[in-house]
Amino acid sequence: MQLRRNCDTKAEQRKAMPELPEVETVRRGLEPALVGARVVGVEQRRPDLRFPFPERFAERLAGRLIKALRRRAKYLLADLDSAEVLVMHLGMSGSFRVEESARPSNRGSHDHVAFDLSTGTRVTYNDPRRFGFMQLIAGADLAAHPLFATIGLEPLGDELDGAALARRFANKRTSLKAALLDQSLIAGLGNIYVCEALHRAGLSPLRAASSLAGKTGAPNARAHGLAGAIRDVVAEAIAAGGSSLRDHRRPDGRLGYFQHAFRVYDREGTPCPCCGARVRRIVQGGRSTFYCPRCQK
DNA sequence: AGTTGCACCTGGCTGC
DNA sequence: TGCAGCCAGGTGCAAC
């Protein structure tokens with residue numbers, strides 16, 4: 001099954017970071033395989049990823065029923081019948097592969113964990129850069145856990161609107177770009193979707209985060225526009241199957257490929273699709289920012 | 001306290 | 001052709 005099509009831009013060939021839409025796509029792909037299944041075996045091939053695996057990781061998972069698979073920000077949360085939650089983060093290059101246990105493909109050099117399920121399915125986690133990690137956390141402690149206690153608004157659903165955005169960004173001295181990347185303000189956005197949302201909203205990444213509210217603190221048109229742009233960009237990417245490109249496979253084992261063109265991300269020097277001006281690349285906080293200097297003010 | 005910058009890690013690309 | 005060196009990025013933590 002080959003889903004790769006011709007790639008025409010550098011971005012499509014090269015970039016594939018699991019931001020919220022990609023993680024949600026992975027969740028939806030893994031859900032049918034995991035939920036309702038029991039873990040019958042865990043093959044853990046190294047002691048750590050970004051962080052060490054939890055103590056007695058395989059032992060604590062063995063025999064457990066997976067009751068649900070949720071997502072919070074960029075985290076996948078598998079609810080177990082032991083009242084623990086398996087928390088998984090894909091880092092920058094993590095991916096899952098689903099196949100039959102009886103006929104597993106050759107072990108990849110970066111296959112770090114494999115879960116064998118009661119259904120005869122094997123789910124393998126692969127992560128070349130090992131920026132991902134897994135944790136086991138008691139369900140009752142999840143909300144207060146340091147990983148989740150300070151996480152910001154979900155861009156999906158109805159909690160993110162202009163007022164919430166303006167409130168969160170009020171008094172921030174930093175740039176819109178940096179504020180949008182801050183997971184404690186808005187959850188799940190990474191470099192790609194921040195660039196895209198700002199372009200869509202027509203706002204400069206250099207603009208002060210605090211400029212989304214008027215003197216009274218009320219959200220202005222920029223706040224409403226940006227909130228809408230974030231929701232739209234994320235929803236469209238999920239609908240398109242996540243912008244999962246080369247080093248990010250969909251959990252069914254296929255290359256996650258889809259029709260999705262970034263308007264500015266990694267398109268330095270190419271014409272802005274809105275006005276034709278050349279897309280500019282700058283560095284903010286050590287990260288590339290791509291934007292249109294004419295459309296985005 | 002709020003903000004900035006670096007380390008972690010590896011594959012892929014660029015330039016010699 | 002081969003190889004060294006740089007770049008990408010999410011997160012946590014150290015340093016201003």
Side-chain angles (χ1 to χ4, degrees), chain A residues 4 7 9-26 45-53 71-77 87-95 108-113 125-135 137 145-152 154-155 167-197 205-211 234 237 242-249 255 262 264-269 279 281-290:
Chain A
R4 186 193 289 266
C7 303
T9 72
K10 207 169 85 171
E12 284 172 304
Q13 289 169 20
R14 204 149 61 76
K15 294 302 185 296
M17 301 305 158
E19 300 185 24
L20 188 153
E22 288 73 25
V23 177
E24 178 60 24
T25 300
V26 169
R45 294 172 186 154
R46 54 175 302 125
D48 57 13
L49 293 172
R50 179 170 184 201
F51 306 119
F53 279 97
R71 180 194 56 74
R72 174 77 172 103
K74 299 171 192 168
Y75 295 91
L76 287 170
L77 308 173
V87 175
M88 298 173 280
H89 195 291
L90 301 175
M92 294 180 53
S93 60
S95 63
S109 58
H110 301 292
D111 288 349
H112 304 307
V113 196
Y125 179 71
N126 179 285
D127 188 355
R129 296 180 205 180
R130 301 207 304 272
F131 272 40
F133 59 91
M134 297 191 185
Q135 289 278 316
I137 300 172
H145 191 279
L147 288 177
F148 299 101
T150 60
I151 280 188
E154 279 285 330
R167 199 162 50 241
R168 295 236 164 192
F169 284 18
N171 305 319
K172 293 282 175 222
R173 307 174 81 95
T174 192
S175 65
L176 268 183
K177 169 76 189 298
L180 288 170
L181 278 176
D182 186 338
Q183 301 298 298
S184 71
L185 299 173
I186 310 290
L189 298 183
N191 207 30
I192 295 172
Y193 293 105
V194 167
C195 291
E196 293 297 307
L206 298 162
R207 169 180 282 282
S210 56
S211 67
V234 168
S243 57
S244 312
L245 309 176
R246 186 157 69 192
D247 65 345
H248 190 72
R249 288 163 195 281
L255 196 65
F262 298 126
V264 288
Y265 182 76
D266 205 20
R267 299 184 65 90
E268 181 182 15
V279 172
R281 173 183 175 273
I282 58 174
V283 175
Q284 291 178 286
R287 299 285 187 251
S288 290
T289 297
F290 299 90

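This structure is a prediction, so every number in the text was calculated from the model and none was measured. The sequence lines fix the lettering, A, B, ..., with proteins before strands; numbering per chain opens at 1.
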I'd like to know if E154(A) pairs up with R72(A) as an ion pair, taking the criterion as any Lys NZ or Arg NE/NH1/NH2 lying under 4.0 Å from an Asp or Glu carboxylate oxygen.
yes

Rounded distance (Å) that lies between atom C1' of dG10(C) and atom OH of Y193(A)
15 Å

In whole Å, what is the span from the CZ atom of F262(A) to the P atom of dG9(C)?
11 Å

Does dT1(C) pair with anything, Watson-Crick or G-U wobble, both distances under 3.5 Å, and if so, with which nucleotide?
none

How close or far is atom P of dG2(B) from atom CZ of R168(A), stated in whole angstroms?
13 Å

For M134(A) and dT11(C), give me the distance from atom CE to atom P, rounded to whole Å.
15 Å

Under 4.0 Å protein heavy-atom contacts per nucleotide of nucleotides 3-11 of chain B, with B for base, S for backbone only and - for none
SS--BBBBS

To the nearest 0.5 Å, how far apart are OG in S211(A) and CG in L176(A)?
5.5 Å

When the aromatic ring centroids of F262(A) and F290(A) are compared, is their separation below 6.0 Å?
no

Ignoring backbone atoms, establish whether Y265(A) has a side-chain N or O less than 4.0 Å from OP1 or OP2 of dG9(C).
yes

Return yes when atom CZ of R173(A) has more than 12 non-hydrogen atoms of other residues, nucleotides or ligands closer than 6.0 Å, and no otherwise.
no

Hey, can you tell me if Y125(A) and H112(A) have their rings parallel, tilted or perpendicular (30° and 60° cut-offs)?
tilted

To the nearest Å, how far apart are D182(A) CG and dC13(C) P?
15 Å

Q183(A) vs dT11(C): side-chain N/O to OP1/OP2 distance below 4.0 Å:
yes

Length of the line joining N191(A):CG and dA8(C):P, which is rounded to integer Å
9 Å

Please report, rounded to the nearest Å, how far the C1' atom of dT11(C) is from the CG atom of L181(A).
12 Å

For a quick check of understanding: with a heavy-atom distance under 4.0 Å over all strands, which category does L189(A) fall into, base, sugar-phosphate or nothing?
nothing

Just verifying a value: how many Å separate N191(A) CG and Q284(A) CD, rounded to the nearest 0.5 Å?
9.0 Å

For M88(A) and dT11(C), what is the distance between atoms CE and P respectively, to the nearest whole Å?
15 Å

On a heavy-atom basis, which atom in L206(A) and which in S175(A) lie closest, and how many Å separate them?
O-CB, 4.2 Å

